[in-house]
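Following: one structure in structure tokens, then a few remarks.
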Amino acid sequence: MASIRLENVTKRFKNTTAIDNLNLMVADGEFFCILGPPGAGKTTLLRLIVGLEKPDDGTIVIGDEPVNELHPSMRDISMIFQNLALYPDKSVFDNIAFPLRQQKFQEEEIQRKVTEVAKSLKIDWLMEKLPSQLSGGERQRVAIGRAIVREPKAYLMDEPLSNLDALLRLEMRVALKELQTNLKETFVYVTHDQVEALSMGDRIAVLNNGRLQQVDDPATIYRMPKNMFVATILGNPPMNFLQCALKRKNGGISIEHRGFSLRTDEKLLIEMVKGSIEEGKITLGMRPEDVKIYDARPKEDAVQAEVYVTEPLGNETIVDVKIGDDVIKVLTSSDFSGNPGDPIWITINVRKLHLFHGGSHECIYHASNKSDFKMV
Amino acid sequence: MADIVLDKLVKRFGKQTAVDRLSLEINDRQFIAILGPSGCGKTTTMNMISGLLKPDSGSVIFNGKVMNNIPPGKRGVGFMFQNYAVFTYLNVYDNIAFGLKIRKLPPDEIDREVREVARLLQIHHLLSMMASKLSINDMQKVALARSMITKPQIFLLDEPLSNLDAALRNVMRAELKKIQQELGQTTVYVTHDQVEAMSLADKIAVMNFAVLQQYDTPHNIYNHPKNLFVAHFIGSPTINFMNGVYKNGEFVLEDFNRGTISIGGGSRKNFDKQLKGENVVLGVRPEHMKIGERGGDAGNLRAEVVSFEPLGSKTIVYMHPDANPGVILKSTMDSDYKPKIGEVKSLSFEEKNLYLFDRESTDLVFRFGS
Amino acid sequence: MDQKLYKKVLKLLLIIVVTVLFFFPIYWIVTMAFKPFPEWTAAGGKIYWFPNHPTLDNFRAIFSQKLEMSPISGTAIRPIINSLVVSVIGTCIAMVVGIFAAYGISRYKAGGSLPFMLLQLRMFPPIAIIIPIMIMWAFLHMTDTWYGLSLIYGVVTLPFSVWLMKTFFDDIPHELDEAAIVDGCSNIGAFFKVVMPLAKGGIASTALFVFILNWSDFLIALILTDRKWTTIPVHISKLQSALVGALYGPKAALGLIALIPPVFFGILIQKYLVRGLTFGAIKK
């Protein structure tokens with residue numbers, strides 16, 4: 001059991017900076033997900049923690065020990081690689097026993113531990129087989145077995161499920177989460193799949209271009225993303241963004257779009273906004289599930305719009321709606337029956353919208369139950 | 001006018017039958033998807049429509065004319081493949097103009113057509129850029145423009161969006177659909193992604209192991225799947241299947257300890273005679289499988305929560321029935337639903353949301369509520 | 001139908017021609033080794049495709065102490081032993097140095113572009129450099145010694161072993177080394193415990209290749225050895241007599257004997273050759 005800390009860590013390769021002055025804290029016993037697009041630096045981050053790469057700047061601390069100079073074999077951390085890296089010429093038993101043999105355990109002790117781990121992963125009937133004779137899911141479990149048999153301080157996993165088919169991925173996700181709950185160990189899990197991060201992580205670190213964007217629990221990241229990148233990375237379909245203009249009008253603040261405008265009291269807005277309120281470009285963000293569609297004008301404030309295209313998914317329908325020159329995606333029930341070109345009305349849940357700075361894309365405002373916007 | 005008729009197409013590779021007597025009718029201006037897992041025969045079918053492969057028997061017919069012996073270049077089809085074939089050594093303009101230059105059209109006409117297509121796909125500002133410097137999304141638009149510009153009567157696309165990341169794929173899906181609706185070309189779209197097929201197509205042809213399983217609108221395929229394969233392949237999360245035995249007007253569910261569902265006489269006569277044996281599979285989609293609510297028609301079904309996915313707009317709960325930990329059932333609940341792992345919950349669903357399948361033949365016997 | 005038959009006949013013809021070309025030398029050696037003196041050449045007006053009166057005289061000849069009026073100074077026994085010694089030691093040198101160098105190049109990009117330049121050097125025909133080498137060896141008193149010859153054999157085959165082993169190591173995913181390190185091995189431990197066992201096939205085939213190169217060398221052995229350490233190829237070249245000319249029979253006999261060790265080693269390592277080619281569960 002150990003916490004993991006990265007302090008001001010930078011890693012450069014030739015002309016690119018893969019990790020840029022990163023600060024991170026993984027708590028002891030936490031299931032910590034690192035989420036980001038390909039090339040964000042997630043694998044580099046794992047390799048820095050386990051010691052296969054050395055940071056150019058900064059310190060890596062495991063438990064209370066700075067480990068920069070420590071060889072990977074001495075850090076007591078296990079890692080599951082993306083392509084598993086099972087030893088192809090060794091049996092399942094020898095694969096799992098390998099790390100124990102490096103630590104010079106007695107053969108009987110090794111026998112006992114390996115059998116125990118194999119039983120818990122339901123692969124004890126495969127002990128003599130070679131990796132080439134196993135199915136994808138079985139190989140995965142052997143890799144997990146090899147990692148847990150040595151009871152390390154922490155477990156690192158690099159997209160371990162990305163090569164499995166959908167059904168198997170689901171089963172393994174459930175199994176891994178159960179495992180972590182039982183072992184109560186620190187797991188650092190790298191993925192580019194936002195569903196995995198949302199369903200498995202105690203906390204998620206969103207990474208892009210070697211920089212940490214936000215670290216929070218899944219619900220907070222979903223409801224209060226710090227910038228547009230984070231807002232897009234969670235949620236399917238992703239958040240809609242509308243370019244608007246922020247203006248001061250009639251004693252209040254007006255957020256104006258070609259198709260509609262939202263008015264609110266300046267006082268209410270000031271309480272929540274980061275930085276000062278300046279007139280100018282602003283991006284309005286709202287999730288597809290926070291917009292509703294009506295055939296006829298509803299009682300609440302609504303915007304007139306047009307159906308652009310419909311995407312029926314069976315259990316629900318995504319309607320691409322045209323407001324002014326922009327198209328946004330709206331989630332609605334599967335009995336929606338509009339056609340492209342049909343006029344419709346939409347209402348925005350003003351308690352769930354977000355405002356992002358026009359230039360920096362930082363989020364400056366998350367709406368909440370205290371918000372009060374009026375559509376004009 | 002471009003309608004396509006496939007008449008009992010057969011294609012074999014050695015001893016393996018890749019496409020087994022496929023018959024399909026596609027009307028002018030229709031967008032149809034050929035959907036199935038890898039190896040089901042969808043790409044082979046498309047290659048026969050395009051002319052890259054010759055069928056062993058059966059015919060490919062465009063507008064009433066048999067095309068079997070006509071080479072691909074003369075069939076009037078436009079292609080877009082997974083691996084775009086954008087010429088990286090040319091700029092965007094030359095890439096798009098390529099097909100027209102080969103046809104030796106006059107330069108001012110070429111110019112007009114290229115700019116029109118570029119405007120349609122919103123890449124007119126990139127015309128002078130080298131293709132190698134484009135983002136993947138723009139490259140895909142260039143590939144699309146290049147295949148569209150020759151105004152083929154028939155458009156064939158083979159998993160064109162699979163190289164894009166999730167966010168871009170979402171955007172391009174809607175754009176593709178809009179473009180097809182505006183241009184009106186008959187389109188055949190091959191994919192293994194059921195979300196793409198459902199959202200894009202007027203009709204979907206579901207294939208498995210070289211055989212056509214069902215050919216219908218997305219709505220019908222989702223709500224009236226012909227067999228277990230189609231029911232399971234379409235819909236995310238996948239449909240819940242519960243094995244059961246039908247006896248004396250009751251379904252006894254094998255995966256639950258006290259799982260019996262009584263069926264009223266009125267419904268019973270709909271399927272009493274169609275059932276060949278007593279072994280059945282009951283299907284309920286996750287959005288109809290509710291946790292903890294009373295008043296459903298399901299008897300006393302209890303399941304243990306194994307895991308859950310809080311997806312933001314909804315939460316998917318994974319459970320296994322109390323008598324069979326090897327089966328996983330899914331329920332789609334509201335986004336603020338937070339179950340505890342290990343908790344035992346009661347499940348319920350309404351009779352009208354049940355699908356009844358014959359376990360031996362795997363066919364749909366009756367769709368309650370229809 | 002004609003077209004297909006014509007193609008088949010052509011294919012068959014091609015196969016026959018290639019087969020004949022390849023096996024002719026072996027056929028020549030095998031038949032010549034057992035031919036008595038009159039049948040060696042067509043001087044008597046007849047070509048003997050097979051020995052009419054097969055005999056073991058040629059074998060006796062190469063193992064007898066003295067051959068009349070020939071530059072031979074002893075039996076073929078010493079050359080056979082010499083060849084074995086220098087080829088094996090030379091191969092060992094090339095393999096040991098080559099394996100470590102190849103691993104360094106494969107994993108750590110050691111040497112930059114040096115390895116490639118090394119390969120280019122080997123393109124030099126040995127005959128161009130053999131005199132300077134002889135001078136060097138003479139200066140170091142290494143001519144006509146087993147260590148002198150073994151050393152040069154190791155050196156000239158080193159580029160081959162480095163390059164062949166590098167490609168074999170490249171085929172082993174470096175994640176396996178890393179997994180071993182994370183599992184508790186030192187860097188060199190990972191090499192010995194994980195990578196080497198997987199490269200067994202590669203090592204076997206490279207070793208055989210290098211051995212054959214050394215075993216069949218004529219030029220270097222000719223220049224760098226005298227009486228004590230002649231090898232089989234040099235000894236064969238000395239099998240002449242002033243009376244008769246080239247002693248084809250004994251040459252073939254010794255040649256036939258010389259075929260045995262490479263074939264023997266090949267059969268010995270056969271199972272490693274096959275295993276090396278079917279790597280197994282490496283997910284790519």
Side-chain angles (χ1 to χ4, degrees), chain A residues 37-38 165-167 170-171 173-178 181 192-201 217-219 221-223 229 232-239 287-290 307-322 327-329 331 333-335 337 339-341, chain B residues 37-38 165-171 173-182 194-201 217-219 221-223 225 232 234-239 285-288 305-316 318-320 326 328 330 332 334-336 338 341-342:
Chain A
D165 66 73
L167 210 59
L170 179 63
E171 280 178 35
R173 223 190 286 161
V174 170
L176 275 176
K177 186 72 184 164
E178 250 183 78
T181 316
H192 67 273
D193 182 340
Q194 49 113 11
V195 174
E196 270 183 19
L198 276 174
S199 58
M200 297 175 88
D217 62 274
I221 294 199
Y222 191 82
R223 289 201 206 112
F229 177 80
T232 318
I233 207 169
L234 290 179
N236 192 16
M239 188 183 284
R287 295 206 181 266
E289 64 264 22
D290 294 329
V307 175
Y308 185 70
V309 108
T310 59
E311 301 176 60
L313 299 181
N315 51 346
E316 57 194 2
T317 298
I318 301 176
V319 183
D320 293 66
V321 171
K322 192 159 189 205
V327 176
I328 62 168
K329 288 191 193 264
L331 270 176
S333 74
S334 48
D335 29 357
S337 59
N339 287 315
Chain B
S38 51
D165 64 75
L168 289 178
R169 223 182 299 154
N170 274 327
V171 172
R173 226 170 49 212
E175 291 304 318
L176 210 58
K177 184 161 190 176
K178 189 73 182 159
I179 291 169
Q180 190 269 345
Q181 285 173 348
E182 279 180 15
Q194 56 99 17
V195 172
E196 274 180 18
M198 289 288 288
S199 62
L200 290 170
T217 62
H219 182 267
I221 287 203
Y222 188 81
N223 290 307
H232 192 260
I234 309 274
S236 176
T238 53
I239 192 174
R285 294 229 179 248
E287 60 267 25
H288 299 137
V305 176
V306 173
S307 165
F308 64 99
E309 275 173 15
L311 295 182
S313 52
K314 55 192 174 212
T315 299
I316 303 177
Y318 296 88
M319 305 161 286
H320 65 72
I328 297 227
K330 300 136 259 172
T332 309
D334 283 335
S335 52
D336 35 15
K338 248 202 192 62
I341 301 200

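Chain A is the first sequence line, chain B the second, and so forth, proteins listed ahead of strands; every chain is numbered from 1. None of these values were measured; they are calculated from a predicted model.
Highest contact tally toward chain B, considering only K177(A), E289(A), H192(A), E311(A), is held by E311(A) [criterion: heavy-atom pairs under 4.5 Å]. Contact tally against chain A (heavy-atom pairs below 4.5 Å) for H219(B), R285(B), E309(B): the top residue is E309(B). Comparing P237(A), G235(A), P340(A) by heavy-atom pairs within less than 4.5 Å of chain B, the highest count is held by P340(A). With respect to chain A, the highest number of heavy-atom pairs below 4.5 Å among T332(B), V306(B), I341(B), V171(B) belongs to V306(B).
Here the straight-line distance linking atom CD1 of I318(A) with atom CZ of R173(B) works out to 5.0 Å at 0.5 Å rounding. To the nearest 0.5 Å, atom CD of residue Q181(B) and atom OG1 of residue T310(A) are 7.0 Å apart. Distance check, rounded to the nearest 0.5 Å: CD1 of I239(B) to CG of N315(A) gives 11.5 Å. From S307(B), atom OG reaches atom CE of M200(A) across 8.0 Å, with rounding to the nearest 0.5 Å.
Looking at S335(B), neither its backbone nor its side chain comes within 4.5 Å of chain A, counting heavy atoms on both sides. For P218(A), no part lies under 4.5 angstrom from a heavy atom of chain B. Looking at L200(B), there are no atoms closer than 4.5 Å to chain A (heavy atoms on both sides), in backbone or side chain. Contact of E196(A) with chain B is not made at all, since no heavy-atom distance falls under 4.5 Å. The part of F308(B) that comes within reach of chain A is its backbone (N, CA, C, O), which places non-hydrogen atoms under 4.5 angstrom from that chain. Looking at Q194(A), there are no atoms closer than 4.5 Å to chain B (heavy atoms on both sides), in backbone or side chain.
In this structure, K178(B) contributes its side chain and Y308(A) its backbone to a donor-acceptor pair below 3.5 Å.
When all heavy atoms of L311(B) and L198(A) are compared, the closest pair comes out as CA-CD1, 4.0 Å. Closest approach of L313(A) to S199(B), counting heavy atoms only: CD2-CB, 3.9 Å. Taking every heavy atom of both residues into account, P310(B) and S199(A) meet most closely at CD-CA, 3.6 Å.
Between N170(B) and N236(A), the closest side-chain pair of non-hydrogen atoms falls below 4.5 Å.
The 12-atom threshold is exceeded at CZ of R169(B), counting heavy atoms of other residues, nucleotides or ligands nearer than 6.0 Å.
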